[in-house]
Amino acid sequence: MSDTIPGEVLVMGAGTIGCFIGGSLAAAGVPVTFVGRPRVLDKLARHGLTLTDLDGSKHKLAAPTLRLCEQVPVGARPALVLLCVKSGATAEAARELAFALPAGTTVVSLQNGISNCAAAGQAGPSLNIRAGMVPYNVAEIDDGAFHRGTPGRLAAEDDPALRDWLPVFERAGVPLDLHADLLPVQWGKLLLNLNNPVNALSGLPLRDELMQRGYRRCFAALIDETLGVLRTGGIVPAQVAAVPARRLPGLLRLPDWLFHIVAARMLRIDAKARSSMADDLALGRRTEIDALSGEVVRLAQEHGLSAPRNARMVALLEAWPQSPKRWTARQLQDALGL
């Protein structure tokens, strides 16, 4: 395996995912520039960057070694850009990248949902934009400290410009797989992400929420509805979790005692893990519910269908800032008509 590094990396969106993946690459010797909001950059400038995971790995990058910018630096020529902004900021970020970087610069969208790559391509047509998928959960557990709480491997659309990066990502502990068609993988991940709004409204850590059958029933209902829409659309989601997507709803509905036994691999989540949507609610930020349940609603409408439970989750998350509360499992089941 070659130790050659193909060039510099620019992280567009220094949030939890951007800091963890970009920081992992920097710890492996890759020159990385982090572009982000002052709120995050100020913490990195004071505390440096600490990366940990559920396997016990730990990396510490001292603050003076970090390259931190609020905008894409003038004259930047990265070999690879990791687009990690929230969905609502995709078009703005792509326009900034297209203005500042040479035509043909390779950009991988490591964002939730299905449509961000297309949105970025429309806003920044001069860029070589490829869809990507992040399978794991990353949480900010302290100032400048980011923790990966679940397992998995990154995925992206195959592109010649990405192939030389594979050994680099592998050495950095964030292995990357390339796919000729990423859409089934994206939908497979979106099915799992339908737990994000359930987790956010529960107010619980991920593992604690999944240990309660009532919340799992809500998650299962959202998956069931989405699988029906996907069948109509002729889309077969890839298996991203330990079990095939079609088996997930039945598994989630098992009694607690049996679920804890059968789903031991799914429950390989440490106590620090929580959904990024829960973090958004806690900080009063707009969530990415439109890129998750909203995608399901739009696909259903394209085929003359409805997705009432996913539409209800969109409404609940959008209404939360006006009436914040922790939803019990029973309350959430009632809201979804279960």
Side-chain angles (χ1 to χ4, degrees), residues 54 112 135-137 139 149-150 188-230 237 240-282 287-297 300 306-338:
L54 76 170
N112 283 329
Y136 36 73
N137 168 271
T150 56
K189 174 63 189 320
L190 190 146
L191 287 171
L192 299 182
N193 277 347
L194 292 175
N195 187 52
N196 286 10
V198 178
N199 175 254
L201 292 174
S202 78
L204 297 172
L206 276 170
R207 195 173 195 281
D208 291 349
E209 175 241 317
L210 285 171
M211 297 285 270
Q212 296 189 35
R213 186 172 184 240
Y215 289 122
R216 295 199 308 275
R217 290 187 68 226
C218 298
F219 182 18
L222 296 173
I223 293 176
D224 265 338
E225 184 174 83
T226 303
L227 287 173
V229 174
L230 292 177
V240 177
V243 297
R246 68 182 184 279
R247 290 182 52 201
L248 272 174
L251 178 64
L252 291 167
R253 292 187 176 103
L254 290 174
D256 286 340
W257 69 269
L258 186 55
F259 178 78
H260 299 167
I261 297 170
V262 176
R265 288 179 65 188
M266 181 183 290
L267 291 171
R268 189 170 175 250
I269 306 170
D270 62 36
K272 299 174 184 177
R274 60 181 183 266
S275 71
S276 60
M277 194 170 288
D279 290 341
D280 288 339
L281 286 188
T287 73
E288 289 190 295
I289 189 62
D290 187 62
L292 300 178
S293 289
E295 294 274 18
V296 181
V297 173
S306 63
R309 285 173 175 151
N310 277 281
R312 179 64 171 145
M313 292 304 290
V314 173
L316 291 177
L317 268 295
E318 289 184 345
W320 195 90
Q322 288 74 46
S323 182
K325 71 169 188 175
R326 173 181 170 182
W327 287 69
T328 67
R330 183 66 267 167
Q331 288 171 331
L332 197 52
Q333 289 176 89
D334 289 344
L336 294 180
L338 301 181

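These numbers come from a predicted model, not from an experiment. Throughout, residue positions are numbered sequentially from 1 according to the sequence presented.
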For [X] and [Y], work out which heavy atoms get closest and say how close.
{"X": "Asn310", "Y": "Ser293", "value": "OD1-OG, 2.9 Å"}
{"X": "Leu338", "Y": "Ala221", "value": "CD2-CB, 3.7 Å"}
{"X": "Val297", "Y": "Ala307", "value": "CG2-O, 4.0 Å"}
{"X": "Leu336", "Y": "Met313", "value": "CD2-SD, 3.8 Å"}
{"X": "Ala245", "Y": "Leu227", "value": "O-CD1, 3.8 Å"}
{"X": "Pro249", "Y": "Ile223", "value": "CG-CG2, 3.7 Å"}

*Less than 4.5 Å apart, any side-chain heavy atom of Glu288 and any of Asn193?*
no

To the nearest 0.5 Å, tell me how far [X] [atom1] sits from [Y] [atom2].
{"X": "Asn196", "Y": "Thr287", "atom1": "CG", "atom2": "OG1", "result": "9.5 Å"}
{"X": "Lys189", "Y": "Leu194", "atom1": "NZ", "atom2": "CG", "result": "11.0 Å"}
{"X": "Leu201", "Y": "Leu281", "atom1": "CG", "atom2": "CG", "result": "6.5 Å"}
{"X": "Tyr136", "Y": "Leu192", "atom1": "OH", "atom2": "CG", "result": "15.0 Å"}
{"X": "His260", "Y": "Met211", "atom1": "NE2", "atom2": "CE", "result": "4.0 Å"}
{"X": "Arg312", "Y": "Glu225", "atom1": "CZ", "atom2": "CD", "result": "13.0 Å"}

*Checking side-chain contact (heavy atoms from CB on, under 4.5 Å) for the pair Leu332/Ser202: CA distance, chi angles, key distance, verdict?*
CA-CA 9 Å; Leu332 197 52; Ser202 78; over 6 Å; no

*Any luck finding a side-chain donor-acceptor pair between Glu209 and Asn195 under 3.5 Å?*
yes

Side-chain donor-acceptor pairs under 3.5 Å in residues 316-325, sequence neighbours left out?
| residue | atom | partner | partner atom | Å |
| --- | --- | --- | --- | --- |
| Trp320 | NE1 | Lys325 | O | 3.0 |

Test item: [X] side-chain N/O and [Y] main-chain N/O as donor-acceptor pair under 3.5 Å:
{"X": "Arg216", "Y": "Leu254", "answer": "yes"}
{"X": "Thr150", "Y": "Asn137", "answer": "yes"}
{"X": "Gln333", "Y": "Ala329", "answer": "yes"}
{"X": "Arg213", "Y": "Arg253", "answer": "yes"}
{"X": "Asn199", "Y": "Leu204", "answer": "yes"}

*Would you sort out whether Leu210 and Phe219 count as a side-chain contact (heavy atoms from CB on, under 4.5 Å), showing the intermediate values?*
CA-CA 9 Å; Leu210 285 171; Phe219 182 18; 4.3 Å; yes

*asked:* Before you tell me yes or no, could you show the steps for Glu295 and Thr226 under side-chain contact (heavy atoms from CB on, under 4.5 Å), namely the whole-Å CA-CA distance, both residues' side-chain angles and the distance that decides it to 0.1 Å?
replied: CA-CA 10 Å; Glu295 294 274 18; Thr226 303; over 6 Å; no

_Looking at Arg330, I want to see if its CZ is surrounded by more than 12 non-hydrogen atoms of other residues, nucleotides or ligands under 6.0 Å._
yes

